[in-house]
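Down below is the structure, laid out as structure tokens.
These numbers were taken from a predicted model, which means no experiment stands behind them. Excluded from the calculations below are hydrogen atoms, water molecules and symmetry mates; all remaining heavy atoms, backbone and side chain alike, are included.
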Amino acid sequence: RFVNRLWRLVEAPPLALPPAGAAPPDAVGPSALALRRASHRTIAEVTKDLEGFHFNRAVARIYELVNALVGTMTATAATEAGFAWSWREAMETTVRLIGPMMPHFAEELWQRLGRDRLLVDEPWPVADGALVRADAVTIAVQVNGRLRATLEAAPDADERSLAAAALALDNVQRAIAGRPVRKQIVVPNRIVNVVV
């Protein structure tokens, strides 16, 4: 079913795509940016998975990219600046990433996307670090080991600001119920545990 789905997306894309090799647009809208982020995160993750011989995980991440590709397709997104270019980039990324697992199928899709050279002669895609990096991370906040809330923070925020933000949350204040805080354990980008 996945192979048939990919074939349909390449053969009959839901919007008019720019020609192969078109220059990237100067500005992209929010849906196009989300699609670009998904593409570049998938490149980074699949590259890491293939290098670690985690083939099933790599395939699962490619499935997620195709789901994101289909999920971003809405009537408003289709008219958004740079969306068609981002759609092509995501499709080409998907085809390039399935190349090691389904080489003949990937070559056929690559040609149908309007590319002249063989896919096997193309370099492996490289993720753009600016698109891979998250704008915000979700951090779990626990009181005595029980999840009480979550908070959004900048990646690699310092421990002091995370601890202060966690203590300011209403659910955390209710769980503490006026008892003194004995210790706060902060794992950056992951968790804040308040011990009372």
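Closest heavy-atom contact between A106 and I98: CB-CG1, 3.9 Å. The nearest pair of heavy atoms linking A157 to L162 is O-CD1, 3.8 Å. In this structure, A166 and V192 approach most closely via the heavy-atom pair CB-CG1, 3.7 Å. Considering all non-hydrogen atoms of both residues, P188 and V186 come closest at CD-O, 3.7 Å. The nearest pair of heavy atoms linking P100 to L50 is CG-CD1, 4.2 Å. Looking at every heavy atom in both residues, V195 comes nearest to N144 through CA-OD1, 3.4 Å.
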For residues 88-97, run the donor-acceptor check on the side chains, cut-off 3.5 Å, and write out each pair with its distance to 0.1 Å, sequence neighbours left out.
residue : atom : partner : partner atom : Å
R88     : NE   : P18     : O            : 2.7
R88     : NH1  : E92     : OE2          : 2.7
R88     : NH1  : L113    : O            : 2.9
R88     : NH2  : P18     : O            : 3.2
R88     : NH2  : L113    : O            : 3.1
E89     : OE1  : R36     : NE           : 2.8
E89     : OE2  : R36     : NH2          : 3.2
E89     : OE2  : H40     : NE2          : 3.0
E92     : OE1  : R115    : NH2          : 2.8
E92     : OE2  : R115    : NE           : 3.1
E92     : OE2  : R115    : NH2          : 3.2
T93     : OG1  : E89     : O            : 2.7
T94     : OG1  : A90     : O            : 2.8
R96     : NH2  : P123    : O            : 2.5

The test is side chain to side chain donor-acceptor pair (under 3.5 Å); show your working for N67 and R5 and say whether it passes.
CA-CA 10 Å; N67 288 338; R5 187 180 193 193; 2.7 Å; yes

Show, in sequence, the C-alpha distance, side-chain angles and deciding distance for V28 and E80, and conclude whether the side-chain contact (heavy atoms from CB on, under 4.5 Å) test is met.
CA-CA 7 Å; V28 294; E80 199 174 274; over 6 Å; no

Verify side-chain contact (heavy atoms from CB on, under 4.5 Å) between E152 and V137, making sure each step is shown before the conclusion.
CA-CA 6 Å; E152 295 289 321; V137 292; over 6 Å; no

Using side-chain contact (heavy atoms from CB on, under 4.5 Å), reason through L15 and M73 one step at a time and then give a plain yes or no.
CA-CA 9 Å; L15 71 163; M73 188 63 220; 4.0 Å; yes

Step-by-step side-chain contact (heavy atoms from CB on, under 4.5 Å) determination, K183 to N193:
CA-CA 8 Å; K183 181 167 60 167; N193 190 7; over 6 Å; no

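Under a hydrophobic-cluster definition in which Ile, Leu, Val, Met, Phe, Trp and Tyr are linked whenever side-chain heavy atoms come within less than 4.5 Å, directly or via other members, V70 and L109 are assigned to the same cluster. In this structure, W85 is not a member of the same hydrophobic cluster as L17, with clusters built from ILVMFWY side-chain heavy atoms closer than 4.5 Å. V181 and I139 fall within a single hydrophobic cluster, where Ile, Leu, Val, Met, Phe, Trp and Tyr are joined by side-chain heavy atoms under 4.5 Å apart, directly or via other members. Transitive grouping of hydrophobic side chains (ILVMFWY, heavy atoms separated by less than 4.5 Å) keeps L169 and V187 in distinct clusters. Hydrophobic clustering, with ILVMFWY side chains joined whenever heavy atoms are under 4.5 angstrom apart, keeps L33 apart from V132.
Atom CZ of F105 is separated from atom CG of L119 by 12.0 Å, given to the nearest 0.5 angstrom. Separation of atoms CH2 (W110) and CG (L118) is listed at 11.0 Å; rounding is to 0.5 Å. To the nearest 0.5 Å, atom CG of residue N171 and atom CD1 of residue I176 are 11.0 Å apart. Taking CD from E159 and CD1 from I185, the interatomic distance works out to 11.0 Å, rounded to the nearest 0.5 Å. How far CG of L69 is from OG of S39: 7.5 Å, rounded to the nearest 0.5 Å. Annotation: the span from D128 atom CG to R37 atom CZ amounts to 9.5 Å, rounded to 0.5 Å.
Taking the six-membered ring where tryptophan is involved, the planes of F55 and F53 are perpendicular, since the angle between them exceeds 60° and thus also 30°.
When the salt bridge (Lys or Arg N to Asp or Glu O under 4.0 Å) test is applied to R174, no partner is found at least two apart in sequence or on another chain. By the salt bridge (Lys or Arg N to Asp or Glu O under 4.0 Å) test, E107 is found to be paired with no residue, residues two or more places apart in sequence or in another chain being considered.
Between N56 and R61, the side chains place no donor N or O within less than 3.5 Å of an acceptor N or O (distance only, hydrogens not considered).
Residues T42 and Y63 fail the side-chain proximity criterion, which asks for heavy atoms closer than 4.5 Å. Looking at M101 and V59, their side chains come closer than 4.5 Å, going by heavy atoms from C-beta outward. The shortest side-chain heavy-atom distance between Q142 and V194 does not fall under the 4.5 Å cut-off.
In this structure, R160 places its CZ atom where only 12 or fewer heavy-atom neighbours from other residues, nucleotides or ligands lie under 6.0 Å away. Heavy-atom neighbours of R112 CZ from other residues, nucleotides or ligands within 6.0 Å: above the threshold of 12.
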